[in-house]
Amino acid sequence: MRIKRFALLAAMALAVSLTACGVGDSRGSGTAATEAGDLSQTVQEEGGGQESETRMVTDVWNRQVEIPGKVETIICLGSMAPRFAAYLDVVDMMVGAEDSDIKQMSARYDYSPVYHDRLKELPSVGPGGGSGENNGYVEQIIGLAPDVILAGFDEAGAEELQRQTGIPVVSVRYRTQGFLDEGFYRAMRVFADTVGAGERCEAVLSYVDACREDLAGRVKEVPDGEKQRAYTGAVTFNGRHGFAFTYVNFPPFTAVNAKNVADELLESRTGDAAKTAADTGKAYIGNDGFEVDLEQIIRWDPDIIFLDPGNMDLVNEEYRNHPDFFQSLRAVREGHVYTMPSANAAGPNITYLLINGYYAGSVLYPEQFSDIVLEEKAGEIMEEMLGADFFEEMQQGGLYYGTIAIGG
């Protein structure tokens, strides 16, 4: 227990004064990003040159956090943290869980069908959610005394929780910009470096790379002039929304280089946030989802429409109030409306992003994806990422694929 007591004292000192330093591009081949001190640095004892009981990690906000040399127990809070623990197969290290993971199994969280039975037995340490703010249950966390807290919090939230508990807080916050951008690779490697799961991390990222390359390779020879124009609506992003809520840099479209009609607004929606992230080397905090004018959708008149099936009650109510608007859209009249299950729930479900990429490809490029049986591909992705095929549970939970009738 000497390590844990030392770590608590060190964390309290760090809360008074933390030094930020930059981290370069974390994505790369092999294990380069987790070797040679790219993400962590062992703290040396003065004079003797012997390794001390702590080391330094740099989180997604470039915060330098001192943690035990060997982390054995963790708590995961907020956006992405429990999900990363599941992908890295370190859920057994968790000594507490959030209410959203304890109360019920929910297919909205891709790891829940696999890990709910284990998580529901753990003490509660927070309500869950992806706001980025500190919402941890401080007294419960202190009582459990984990070696490290991994949190999908913003910079201020991570600092606050570390100050409140005296326990090191490493932020792994990740918000998608496009399809699994550099921020995903970095956040995964920060988590893996903290808990000592580098080998598993690189195996997962290698599989993700293979999927990315496969998706992009299938469509690289398709001329832009032959691509169908697509719109995604009723997107779940910081809550449920109706038909006019759309998304720039929509990950499933980006994965297959699709023509997203909303991307003509890309620069105005995300330019400043993307530039800030690039300039500072910190996590991306932009908002890619937004409400668009109905008149704009009429002007776009997309060939294909994708809608989140979990929000169809909202869309159908809108249809009853404005049937003429919907019937003015060619895709609605011709029956080219498809489901696109939400990938977002306290951060993006990476398994669902990959599956959605293959689904978007099969709809928009049927010839190039003619060999893909979605249920089989989804099962493979789930097995690789989480160790089990839960495609049936996903669909039963309302996240299903197929054509959909508006107003039904």
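No donor-acceptor contact under 3.5 angstrom links the side chains of Glu98 and Tyr137, judged on distance only. Side-chain contact, Glu264 with Trp300: a donor N or O sits under 3.5 Å from an acceptor N or O. Side-chain atoms of Ser124 and Asp99 form a donor-acceptor pair, as typed in the model, at a separation below 3.5 Å. Side-chain atoms of Tyr111 and Asp101 form a donor-acceptor pair, as typed in the model, at a separation below 3.5 Å. Side-chain atoms of Thr232 and Asn260 include no donor-acceptor pair closer than 3.5 Å.
Between Phe326 and Phe243, the ring planes are perpendicular. Angles over 60° get that label, and only those under 30° would be called parallel. Classification of the His241-Phe245 ring pair by plane angle, with boundaries at 30° and 60°, yields parallel.
Put simply, the side chain of Asp301 gets close to the backbone of Arg330: a donor and an acceptor are under 3.5 Å apart. With hydrogens and angles disregarded, no donor-acceptor distance shorter than 3.5 Å links the side chain of Arg240 to the backbone of Ala234. Remark: side-chain polar atoms of Asp293 are not paired, donor with acceptor, to backbone N or O of Gln296 under 3.5 angstrom. In this structure, Asn134 contributes its side chain and Ala156 its backbone to no donor-acceptor pair below 3.5 Å. Side-chain atoms of Ser342 come within 3.5 Å of backbone N or O of Asn344 as a donor-acceptor pair. In this structure, Arg333 contributes its side chain and Ser328 its backbone to a donor-acceptor pair below 3.5 Å. Remark: side-chain polar atoms of Lys282 are not paired, donor with acceptor, to backbone N or O of Asn62 under 3.5 angstrom. In this structure a side-chain-to-backbone donor-acceptor pair under 3.5 Å is missing from Arg173 to Trp61. Looking only at distances, a side-chain donor or acceptor of Asn135 sits under 3.5 Å from a matching main-chain atom of Gly128. A distance-only check finds no donor-acceptor pair linking the side chain of Asp303 to the backbone of His336 [under 3.5 Å].
Scanning for side-chain contact (heavy atoms from CB on, under 4.5 Å) contacts around Ala343 gives Tyr352, Leu353, Asn356, with sequence neighbours left out.
Taking CG from Leu205 and CZ from Arg212, the interatomic distance works out to 10.0 Å, rounded to the nearest 0.5 Å.
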Please tabulate, one pair per line, all N/O donor-acceptor pairs under 3.5 Å involving side-chain atoms of residues 357-373, not counting sequence neighbours.
residue, atom, partner, partner atom, Å
Tyr358, OH, Asp214, OD2, 2.6
Tyr359, OH, Gly402, N, 3.1
Tyr359, OH, Gly402, O, 3.4
Ser362, OG, Tyr359, O, 2.7
Tyr365, OH, Val256, O, 3.0
Tyr365, OH, Asn257, O, 3.2
Ser370, OG, Glu367, O, 3.2
Asp371, OD1, Arg218, NH1, 2.8
Asp371, OD2, Arg218, NH2, 3.2

Please list every donor-acceptor pair under 3.5 Å in which a side-chain atom of residues 376-387 meets a protein atom from a residue at least two apart or in another chain.
residue, atom, partner, partner atom, Å
Lys377, NZ, Glu380, OE2, 3.0
Glu380, OE2, Tyr207, OH, 2.5

Is there a salt bridge (Lys or Arg N to Asp or Glu O under 4.0 Å) between Asp224 and Lys227 once you walk through the steps? CA-CA 5 Å; Asp224 283 346; Lys227 293 179 181 178; 3.1 Å; yes
For a salt bridge (Lys or Arg N to Asp or Glu O under 4.0 Å) check, start with the C-alpha distance between Glu202 and Arg189, then their side-chain angles and the critical distance, and finish with the verdict. CA-CA 8 Å; Glu202 295 308 318; Arg189 284 175 169 141; 2.9 Å; yes
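Screening Tyr401, Phe253, Tyr231 for a ring pair (Phe, Tyr, Trp, His ring centres under 6.0 Å) involving Phe306 leaves a single residue, Phe253. Of the candidates Asp147, Val57, Val90, Val71 forms a side chain to side chain contact (heavy atoms under 4.5 Å, CB included) with just one, namely Asp147.
Gln396 CD: more than 12 foreign heavy atoms inside a 6.0 Å radius. Heavy atoms from other residues, nucleotides or ligands lying under 6.0 Å from CD of Gln228 number more than 12. Around atom CD of Gln140, more than 12 heavy atoms belonging to other residues, nucleotides or ligands sit under 6.0 Å away.
A 4.5 Å side-chain heavy-atom check between Val204 and Ile350 finds every atom pair outside the cut-off. Between Arg118 and Met94 there is no side-chain heavy-atom pair separated by less than 4.5 Å. Residues Val125 and Ile149 have side chains not in contact (no heavy-atom distance under 4.5 Å, counting atoms from C-beta outward).
Between Arg83 and Asp110, at least one side-chain N (NZ, or NE/NH1/NH2) sits under 4.0 Å from a carboxylate O, which counts as a salt bridge.
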